[in-house]
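Small disclaimer: the values here were computed from a predicted structure and weren't measured. Proteins get letters first, then strands, A, B, ... in listed order; numbering begins at 1 in each.
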Protein chains: 2
Amino acid sequence: MSDLLRRLRARGWRLTAQRRVIAEVLDGEHVHYTADEVHARAVELLPEISRASVYNTLGELVALGEVTEVNTDGRVRRYDPNAHEAHQHLVCSGCGAIRDVRLTDDPLSALPEGERFGFQVAQATVTYYGRCPECVAANAAPGPAGSPTA
Amino acid sequence: MSDLLRRLRARGWRLTAQRRVIAEVLDGEHVHYTADEVHARAVELLPEISRASVYNTLGELVALGEVTEVNTDGRVRRYDPNAHEAHQHLVCSGCGAIRDVRLTDDPLSALPEGERFGFQVAQATVTYYGRCPECVAANAAPGPAGSPTA
DNA sequence: ATCCTATATTGGACTCAGTCCAAGTCAAGA
DNA sequence: TCTTGACTTGGACTGAGTCCAATATAGGAT
């Protein structure tokens with residue numbers, strides 16, 4: 001993900017080994033790791049990396065708009081590197097799997113003027129809940145992984 | 001909120017002083033308290049009520065479908081007694097104020113078949129973020145109260 | 001009205017995600 | 001190669017939420 005690293009460097013970011021590793025971990029499609037998952041994967045590549053650095057770096061990436069915070073279960077925050085394409089999330093209430101999805105309409109258009117209470121509305125997040133093919137097949141009981149709470 | 005209590009009684013719920021008090025606290029429009037806020041208000045009415053009872057009771061109300069869990073900031077869970085009317089939420093990113101809003105369209109219709117990845121999609125939650133009239137007037141800086149994370 | 005017991009409540013210890021901080025390290029410009 | 005301000009570290013800390021064994025009580029049975 002040298003694209004990301006190049007952008008960050010242009011913005012004056014100091015390129016440390018820790019940040020490189022975190023950027024590498026966040027590379028991919030439909031990636032929605034928790035901070036601890038990012039840390040676990042980062043440790044594989046750089047054993048001495050600390051939890052604090054992971055939290056710091058993720059927070060900075062979010063502030064820079066390079067990563068989006070996602071909360072699908074009301075518990076843990078997850079980090080989505082797909083921040084440059086508008087999308088929403090589809091969550092399996094069985095196993096917690098998360099997919100990025102693109103909608104046909106801007107969700108803002110579904111909120112009528114009379115329901116805006118004078119707010120200046122800027123943004124909408126939509127989370128869909130259902131069961132993924134594997135969980136439907138397994139008829140798994142709904143677990144704690146992803147119940148609707150947003 | 002004796003309506004609620006009557007329904008719960010019909011379902012075999014034991015009506016304790018604690019549960020009555022929690023039901024009373026949850027009575028009202030646009031109510032979205034955290035568990036600790038519910039506890040603080042319940043203590044006013046029944047000083048010896050414990051945090052554990054508040055958590056237990058809220059969890060049961062959610063399981064019974066009488067209260068909905070809401071998470072608008074990726075941190076604290078809130079409890080919405082308006083569980084019988086389909087609605088979504090509008091959150092002020094300045095002060096964290098939350099309003100219930102009714103949409104013109106079912107958000108499920110905005111998710112095309114090709115984006116469902118074989119999931120059996122059951123539900124959607126939509127959260128709108130913006131600034132309430134008071135925060136717009138005060139031009140308050142966005143605080144930690146309600147940044148988009150869902 | 002009283003008894004009985006399954007169900008509910010309690011406080012305190014515990015977990016887990018996330019934050020904070022002072023001390024040490026290091027990237028990268030001079 | 002030096003310097004320095006930005007970055008990293010581990011460990012202590014916070015706050016939301018869970019768990020549990022001991023105690024209390026709602027409400028049906030008598």
Review point. Does A:D100 reach the side chain of A:H32, with side-chain heavy atoms less than 4.5 Å apart?
Key: yes
Check your understanding: Would you say B:T16 reaches D:dT25's phosphate, i.e. side-chain N/O to OP1/OP2 under 4.0 Å?
Key -> no
Revision key, fill the gap. Here the distance between atom P of D:dA6 and atom CG of A:L15, to the nearest Å, is 16 Å
Exercise for review: Could you tell me the separation between the CZ atom of B:R11 and the P atom of C:dA8, rounded to a whole number of Å?
Suggested key: 14 Å
Exercise for review: Please confirm whether B:F117 and A:H30 have ring centers closer than 6.0 angstrom.
Suggested key: yes
Point to revise | Contact nearer the 5' end of DNA chain D, comparing B:V76 with B:R9 | key: B:V76
Review point. Short question: side chain of B:T57, backbone of B:V54 - any donor-acceptor pair under 3.5 Å?
Key: no
Review point. Does OP1 or OP2 of C:dC16 have a side-chain N or O of B:R75 closer than 4.0 Å?
Key: no
Revision key, fill the gap. To the nearest angstrom, the OH-P distance between A:Y55 and C:dC16 comes to 12 Å
Practice item. Could you check how far CH2 of B:W13 sits from P of D:dG28, rounded to whole Å? Key: 16 Å
Exercise for review: Compare the minimum distances between each of C:dA17, C:dG11, D:dA26 and the side chain of B:A52, then state the nucleotide with the smallest one.
Suggested key: C:dG11
Exercise for review: Compare side-chain N and O positions of A:Q18 against OP1 and OP2 of D:dT9 and report whether any pair is under 4.0 Å apart.
Suggested key: yes
Check your understanding: How close or far is atom P of D:dG17 from atom CZ of A:R77, stated in whole angstroms?
Key -> 12 Å
Practice item. Establish, with yes or no, whether the OP1 or OP2 oxygen of C:dA8 is under 4.0 angstrom from a side-chain nitrogen or oxygen of B:T57. Key: no
**Study point:** Candidate nucleotides D:dT8, D:dA16, C:dT10, ranked by approach to the side chain of B:D36 - the nearest
**Key:** D:dA16
Check your understanding: Is a side-chain N or O of A:S93 found less than 3.5 angstrom from the main chain of A:G130, in a donor-acceptor match?
Key -> yes
Study note, to complete from the structure: Taken to the nearest whole Å, CG/B:N71 to P/C:dG18 is 12 Å
Point to revise | Base D:dA6 paired with A:R14 side chain (donor-acceptor, <3.5 Å) | key: yes
**Study point:** d(CD, A:E48; C1', C:dG24) in whole Å
**Key:** 14 Å
Point to revise | For atom CG of B:L64 and atom C1' of C:dA8, their distance in whole Å | key: 15 Å
Practice item. Answer with yes or no whether B:R51 presents, from its side chain, a donor or acceptor under 3.5 Å of a partner atom in the base of D:dG17. Key: yes
Practice item. Answer with yes or no whether the side chains of B:R78 and B:Y33 bring together a donor and an acceptor at under 3.5 Å. Key: no
